[in-house]
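Throughout, residue positions are numbered sequentially from 1 according to the sequence presented.
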Amino acid sequence: MAMLLAMLDNVIVGTAMPRIVGDLGGVDHLSWVVTAYVLGTTVSTPLWGKLGDLYGRKTVFMTSIVLFLVGSMLCGVAQSMPELIGFRAFQGLGAGGLMVGAMSVIGDLVPPRERGKYQGQFAAVMAIAMVGGPLVGGFITDHADWRWAFFVNLPLGGAALVLLALRLHLPKRRTEHRIDWLGALLLSIGVTALVLITTWGGNQYAWGSAEIRGLGIVAVVSLVFFVLVERRHPEPIVPLGVFANRNFTLVALVGFLVGFAMFGAITFLPLYQQIVQGASATNSGLLLLPMMGGLLVTSLAVGRIITKTGRYRVFPVIGGVVMIGAMLLLAQLDAHTSKLESGAYMAVLGLGMGFLMQTTMLIAQNSVELKDIGVASSTATFARSIGGAFGVSVFGAIFNHKLHALLGERLGTAAADKMAAGGGGARIDPSTLAQLPAPVRTAVVDAIAGATSSVFLWSTAAAVAIPLLAFFIREVALRGGPTESAERTLVAQEG
């Protein structure tokens with residue numbers, strides 16, 4: 001239920017975004033509503049994992065759910081785009097603990113050899129959320145107020161809290177500890193500065209401007225000091241020693257690229273479906289079904305195969321190759337692409353995601369000692385989240401730049417400034433689009449289609465590196481196999 005809660009909010013807002021943008025601000029803010037959430041998730045993920053290792057998973061897990069629900073309530077009452085962006089960041093702070101908490105609990109309870117099956121089931125829950133989220137979000141947007149896309153989290157989260165309190169039983173753990181608050185602060189500052197650079201550079205500020213240079217200096221200084229602090233702290237928030245394991249480093253890089261290519265690109269699909277293909281908010285959720293179906297099928301199949309054979313190395317390679325094909329197909333989207341064609345392209349993307357999402361987490365957890373399962377889970381999730389944060393910000397800048405350029409070609413610079421950059425409070429959403437003169441409406445539809453295609457074309461570059469990195473992953477026996485215990489395998493690996 002907690003995994004469902006975490007994944008639901010990743011996607012339920014997507015189909016409501018055109019309506020939110022139409023109500024609160026310009027289309028240039030679209031990526032920031034997503035970026036703020038992903039950024040909050042990213043900077044908090046390593047801290048949640050470490051706190052779970054130190055204080056026990058259950059209490060920390062439930063605390064993260066409470067923060068997430070408070071953030072959801074605040075998002076639902078937001079009255080302006082800056083407020084919504086700020087509350088989404090707060091919501092993301094809680095969300096960072098949901099994914100890590102769920103994966104860490106599984107890491108505590110299930111040996112890696114059996115974990116493929118369980119993580120395949122978790123992937124199925126993710127697929128259900130990614131199918132149900134857009135449908136619920138679309139239905140709410142079409143028949144109620146978009147604010148209920150956030151309020152709907154409250155009953156589900158409340159039920160999850162009750163069940164966790166009553167039914168989740170984990171070994172109580174309390175150790176001597178020193179929380180690496182300085183490391184967490186430095187990492188947050190550095191990551192935030194980098195995301196701001198990718199978001200503002202060449203868009204709101206020139207690449208050579210004082211603002212961008214200043215952010216670059218802040219990012220470099222913060223991350224350099226972060227590495228120095230982590231090397232000396234007795235309990236670092238991100239133990240640098242885990243990166244000495246080649247498999248862990250490779251899957252962390254793969255996770256970063258998966259987040260970059262996937263989350264950065266699919267953020268703009270609901271806008272394309274509603275503006276270009278004329279789908280309602282509910283129908284735009286239905287149009288994502290092929291992608292979720294592909295994810296569901298491959299996740300369950302791969303999980304069972306890994307449990308049966310103990311082999312996993314080939315799956316990230318296959319997943320990367322399939323993702324390259326999917327991005328190239330989605331780069332062909334234009335104003336005349338049928339819903340059947342776009343659905344087929346998204347099904348291919350779902351297949352690629354199914355090979356990668358849970359397999360990379362499994363490899364990361366199997367690469368560390370049992371006591372570091374929480375850190376491994378949080379670091380792997382952090383890598384994927386930071387990739388998503390960079391992807392959303394980078395592709396948001398690419399989308400806005402391409403949209404402005406295409407509108408300028410068709411309507412002139414002044415109109416492009418007003419419509420793409422939100423000048424004068426202009427909004428691009430389905431309701432206002434219908435009121436525009438036919439030539440202007442056609443220009444806007446073509447421009448959004450072209451900008452969406454450009455995003456997927458650029459995301460192909462990140463996807464190409466995924467199978468190249470995955471090829472160098474070594475096949476290491478999964479702990480908990482039928483012929484040896486988890487402890488004996490761990491001793492063998494440490495030796």
Side-chain angles (χ1 to χ4, degrees), residues 14-34 81 134 138 141-142 146 203 264-288 290 327-346 395-460:
T15 47
M17 277 306 305
R19 195 68 55 85
I20 294 173
V21 167
D23 189 18
L24 297 181
V27 71
D28 61 318
H29 291 123
L30 183 148
S31 64
W32 262 113
V33 176
V34 179
M81 186 62 75
T141 303
D142 284 340
W146 59 262
N203 185 21
I266 65 176
T267 298
F268 301 94
L269 278 175
L271 184 68
Y272 169 83
Q273 291 164 337
Q274 294 182 41
I275 299 295
V276 179
Q277 295 186 322
S280 66
T282 302
N283 286 338
S284 68
L286 287 170
L287 292 174
L288 293 175
M327 294 302 178
L328 289 173
L329 289 172
L330 288 164
Q332 309 306 311
L333 294 175
D334 58 29
H336 307 290
T337 302
S338 69
K339 295 176 183 178
L340 180 62
E341 289 176 301
S342 62
Y345 300 162
M346 286 186 281
F395 293 136
I398 292 172
F399 181 88
N400 287 331
H401 177 77
K402 188 67 174 180
L403 179 64
H404 184 275
L406 292 174
L407 287 174
E409 293 176 5
R410 299 289 296 272
L411 303 176
T413 303
D417 289 340
K418 184 178 181 181
M419 300 196 72
R427 297 170 171 87
I428 299 178
D429 67 351
S431 60
T432 57
L433 182 69
Q435 301 171 11
L436 296 174
V440 177
R441 185 167 60 248
T442 300
V444 171
V445 168
D446 288 342
I448 289 180
T452 305
S453 174
S454 180
V455 164
F456 283 107
L457 185 61
W458 280 97
S459 68
T460 305

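Considering all non-hydrogen atoms of both residues, G343 and P290 come closest at O-CB, 3.2 Å. The two residues L406 and A451 come nearest to each other via the heavy atoms CD1-N, 3.9 Å. What you find for Q277 and S338 is that their closest heavy atoms are NE2-O, 3.6 Å.
One N or O on the side chain of Y272 and one on the backbone of D334 form a donor-acceptor pair closer than 3.5 Å.
Take S453 and apply the side-chain hydrogen bond (donor to acceptor under 3.5 Å, both in side chains) test, not counting sequence neighbours, and it matches no residue. The side-chain hydrogen bond (donor to acceptor under 3.5 Å, both in side chains) search around T460 returns none, not counting sequence neighbours. For L457, the side-chain contact (heavy atoms from CB on, under 4.5 Å) criterion is met by A331, not counting sequence neighbours. The side-chain contact (heavy atoms from CB on, under 4.5 Å) search around P437 returns P439, V440, not counting sequence neighbours. Residues meeting the side-chain contact (heavy atoms from CB on, under 4.5 Å) test with A335, sequence neighbours left out: V276, V445, D446, A449. By the side-chain hydrogen bond (donor to acceptor under 3.5 Å, both in side chains) test, E409 is found to be paired with no residue, residues two or more places apart in sequence or in another chain being considered. In this structure, the side-chain contact (heavy atoms from CB on, under 4.5 Å) partners of S454, at least two apart in sequence or on a different chain, are I398, K402, W458.
Here CE of M346 is found 10.5 Å from NZ of K339. Values are rounded to the nearest 0.5 Å.
Considering only heavy atoms from C-beta on, L269 comes within 4.5 Å of L333 through its side chain.
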